[in-house]
Amino acid sequence: MTYASVLVDVSVRQTDRPFDYLIPDRWHDAIQPGMRVIVPFGPRKVQGFVLAIKETTSLDKVKEIEEVLDVMPVLTEELLLLGSHIAQKTLCFLISAYQAMLPTAIKAVYKKHVQITSDEVYEALPTELAQLFSVVKRREWTEVESLVSKISIVQRAIKEGLLEIEYEVKNKANKKTERVVSLLKVLDEDLKNISSPQQKDIIEYLRMNGQTSVKELKEFLQITDSPIKTLQKNEFISIETIEVYRDPYVGSDIEKSKPLPLVDEQRVAYEHIVSSFKEREHKIHLLHGVTGSGKTEVYLQTIQEVLLKGMEAIVLVPEISLTPQIVGRFKSRFGNDVAVLHSGLSIGEKYDEWRKIQRKEVKVVVGARSAIFAPFENLGIIIIDEEHETTYKQDEHPRYHARDIAVWRGEYHNCPVVLGSATPTLETFARAQKGVYELETMSMRVNQGPLPEVEVVDMREQLRNGNRTMFSTLLHEKIIDRLEKKEQIILFLNRRGYSSFVMCRDCGYTIQCPHCEVSLTYHKHNHSLKCHYCGYETYMPKQCPSCQSDHIRFFGTGTQKVEEAITQSFPEARVIRMDNDTTSRKGAHEKMLKQFGNGEADILLGTQMIAKGLDFPNVTLVGVLAADSSLHLPDFRASERTFSLLTQVSGRAGRHEKPGEVVIQTYSPEHYSIELAKTQDFIAFYEEEMKIRRSFHYPPFYYLVLISISHTDLIKVVKVSEQITGYLRENLSNRSIVLGPVASPIAKIKDQFRYQCVIKYKSEPALYDVLNRIQQFYQEETDKGKLQITIDFQPTMFM
DNA sequence: AGCACGCCGACT
DNA sequence: GTCGGCGTGCTC
């Protein structure tokens, strides 16, 4: 007898452990850990993952596995191991960790049907049910629920054995299939006997072109299914259904590219990384290169080496759909060896890309955060571009950081991990300084061009001098100049922590969301006010609800408003505006960038999404409007983010022959992150910021855990928060610091009050134990859904 | 999470 | 005496 430990797809604490099932004989040697199965669980059926195969079980009664869903495991041995590591380190259920590794298409969909037990039951059934099941003998539960007058009559029929419930587990996956036609043996004699010209055409076509899809045959020969069917019936051809891949990049013509010559700094970095790959050393390299220093080319050539050895590579890029230019570079270098995974793909497309990896049909995957789980088994290198990006941290369970996963997998495979950035996180840079990571510095731009000249304009002064527009005199002049020279301009609107809120000029009243403690945002297109947290929407009032004054206006600068200002100040300029509104349609993003690249516009105006990765030779001016809006967020990383953002945006200017200029507009020009962005001196910024981090006990000197507590009852939230902080203070070592409880910066979302506390620690042996105990203590209450407690290690946000 | 089981009040 | 409400506890 062999048994399987199965982890079922039910994410609650009580089922967060394996259950044993008997493996039926027919599956004996076929079943392997990492495969998905369907098992009976209580009265229903659920999907589960086989964790292990074993010869014995301690139970006296076990059920049999009902079905095996995979031919090969969807989770490799490595990923199974990694899952338990993630569950342990982020305090999530094991099943959640595994779910996070797989494409959504593979997730189970549960259905419940009601059917007649036998044809003889009609007399016994109540008329209502007899009618319902007279023609259709099997119906979906939800359908029955809505058609029937009372659920109880169905339940009684089930008890009496007239009806029964059947549980079904389906795959969300939709493999895209295609019917293909192959020619069987057709003798010339047979051909003579075929009178239909269409059938003859088909055979002719197949003889010329070999295996062909039904679709193509029909299109090319302008025929229907019927002659094809006849040929199949007479066994001249065979039709089989095969799986095909959707190609999200079909039609985009990609030219093959060749390795570019490396400049000295690039070569040094390249050689270091390649040597640790060849020596099979798990080293972490920080590739610290200024914008335009050619980091991507280093990635490409190191990957080339990895591929030469028949090994595989993972490349993470922040939210990749936003940088089609980068995807293009990988596709053009490695062609069909590349799979691309990002959020812009449909569920089916993601699944197809994932299948290519699983079947080892590709060697390189380029993707966003979750691509770190690519099921490669022969990894040679892992690259994380723009290492400092916060999108690498998942903000829902499991709250993992892709960088940590990369390090874990690098260790498992004994391969190097490369972290690339012009503005690495302080944590990473500090490790490189200490020699924990290898530091590769690239301080020169490949084109030998200088970094762009950056000027900071004090907007307070502009205001004092009577300039009330969004453009300082300097930026205005420079825009005019570029427009005349037919050079291009990027205008960046820093909107983080910024929105167009509504305020009464007379009494100062601002309109807030009734369910969340945030101001509502004004939306121009339908004159509405919307809450960005819960979706609440209302009309824009004509009068102040508080003092009835007419002077109620919206404040803040949206991209729309900037666009209007541009057309007013520079009527001849052609503008492309990129923000969430204009790029939500699929492919809109790529299209707009292409237009700008072709010179169809003079100004590209946008938010964060235009800050990185873009490379347009004709851009010689970058303007940053309101540089400091990200500076005053209640977050210790605000300075780091601002500096990083300004550096990245500045890097968009003058990347090729023409030198670039940057104008940064700010109300706090004396702030060090803005002052240092002017010289783009990362080291100076690092040293300055480290002083602050040290004295305030922030990372990289301390690790952080953020515990958030929320509930609809404020008193309950306060009580639980105080209990938790009290417990932490009592049970953690006195070297750790516990802050709070305090109300979260956004104190209420969706009618839930939110409190938080923070643990700062350097080394805390009791940490996991204590946090687990807290989770267990409140488990009953959190299960009911009223109370929520989330624990976030190394949080990126404190909102 | 679902689902059954069981206990209790309400109503034919 | 039955129906349906919800609290409790289990699922190999």
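Residue numbering restarts at 1 for every chain, and letters A, B, ... go by the order of the sequence lines.
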(message) Which label fits A:Tyr703 and A:Tyr761: parallel for a plane angle under 30°, tilted from 30 to 60°, or perpendicular past 60°?
(response) tilted
List, one per line, each side-chain donor-acceptor pair under 3.5 Å for residues 788-796 of chain A, sequence neighbours excluded.
unit_1: A:Gln788; atom_1: OE1; unit_2: A:Ser710; atom_2: OG; d: 3.3
unit_1: A:Asp792; atom_1: OD1; unit_2: A:Lys393; atom_2: NZ; d: 2.6
unit_1: A:Gln794; atom_1: OE1; unit_2: A:Leu704; atom_2: N; d: 3.1

(message) My understanding is that only residues two or more places apart in sequence, or in another chain, count here; which of them pass ring-ring contact (aromatic ring centres under 6.0 Å, His included) with A:His113?
(response) none
(message) Using the side chain to side chain donor-acceptor pair (under 3.5 Å) criterion, which residues pair with A:Gln155? Sequence neighbours excluded.
(response) none
(message) So, using salt bridge (Lys or Arg N to Asp or Glu O under 4.0 Å) as the criterion, who are the partners of A:Arg369 when residues are at least two apart?
(response) none
(message) Using the salt bridge (Lys or Arg N to Asp or Glu O under 4.0 Å) criterion, which residues pair with A:Arg773? Sequence neighbours excluded.
(response) A:Asp769
(request) Would you indicate what A:Lys112 reaches in the nucleic acid, counting non-hydrogen atoms under 4.0 angstrom: base, sugar-phosphate, or nothing? (result) sugar-phosphate
(request) Please name all residues satisfying ring-ring contact (aromatic ring centres under 6.0 Å, His included) with A:Trp27, sequence neighbours left out, ordered by chain then number. (result) none
Would you mind writing out the side-chain donor-acceptor pairs for residues 403-411 of chain A within the sub-3.5 Å range, not counting sequence neighbours?
unit_1: A:Arg403; atom_1: NE; unit_2: A:Glu387; atom_2: OE2; d: 2.9
unit_1: A:Arg403; atom_1: NH2; unit_2: A:Glu387; atom_2: OE2; d: 3.1
unit_1: A:Arg409; atom_1: NE; unit_2: A:Glu78; atom_2: OE2; d: 2.8
unit_1: A:Arg409; atom_1: NH1; unit_2: A:Ile372; atom_2: O; d: 2.7
unit_1: A:Arg409; atom_1: NH1; unit_2: A:Ala374; atom_2: O; d: 2.8
unit_1: A:Arg409; atom_1: NH2; unit_2: A:Glu78; atom_2: OE1; d: 3.0
unit_1: A:Arg409; atom_1: NH2; unit_2: A:Ala374; atom_2: O; d: 3.1
unit_1: A:Arg409; atom_1: NH2; unit_2: A:Phe376; atom_2: O; d: 3.4

(request) Would you grab the first and last nucleotide of DNA chain B (5' to 3') that comes under 4.0 Å of any non-hydrogen atom in chain A? (result) B:dA1 to B:dC3
(request) Return the residues of residues 150-163 of chain A meeting this criterion: a heavy atom under 4.0 Å from some atom of DNA chain B. Order them by number, or give none. (result) none
Can you tabulate the close N/O pairs, meaning under 3.5 Å, that link protein atoms to atoms of nucleotides 10-12 of chain C?
unit_1: C:dT11; atom_1: O3'; unit_2: A:Gly42; atom_2: N; d: 3.0
unit_1: C:dC12; atom_1: OP1; unit_2: A:Tyr21; atom_2: OH; d: 3.3
unit_1: C:dC12; atom_1: OP1; unit_2: A:Pro40; atom_2: O; d: 3.1
unit_1: C:dC12; atom_1: OP2; unit_2: A:Lys63; atom_2: NZ; d: 2.4
unit_1: C:dC12; atom_1: O3'; unit_2: A:Asp20; atom_2: O; d: 2.8
unit_1: C:dC12; atom_1: O3'; unit_2: A:Lys63; atom_2: N; d: 2.5
unit_1: C:dC12; atom_1: O2; unit_2: A:Asp20; atom_2: N; d: 2.5
unit_1: C:dC12; atom_1: N4; unit_2: A:Arg17; atom_2: NH1; d: 3.2
unit_1: C:dC12; atom_1: N4; unit_2: A:Arg17; atom_2: NH2; d: 3.2

(request) Return the set of residues passing salt bridge (Lys or Arg N to Asp or Glu O under 4.0 Å) with A:Lys54 (not counting sequence neighbours), or none when no residue passes. (result) A:Asp20
(message) So A:Tyr167, base contact, sugar-phosphate only, or nothing? Heavy-atom distance under 4.0 Å.
(response) sugar-phosphate
(request) Applying side chain to side chain donor-acceptor pair (under 3.5 Å), name anything that partners A:Tyr110, two or more places apart in sequence or on another chain. (result) A:Asp9
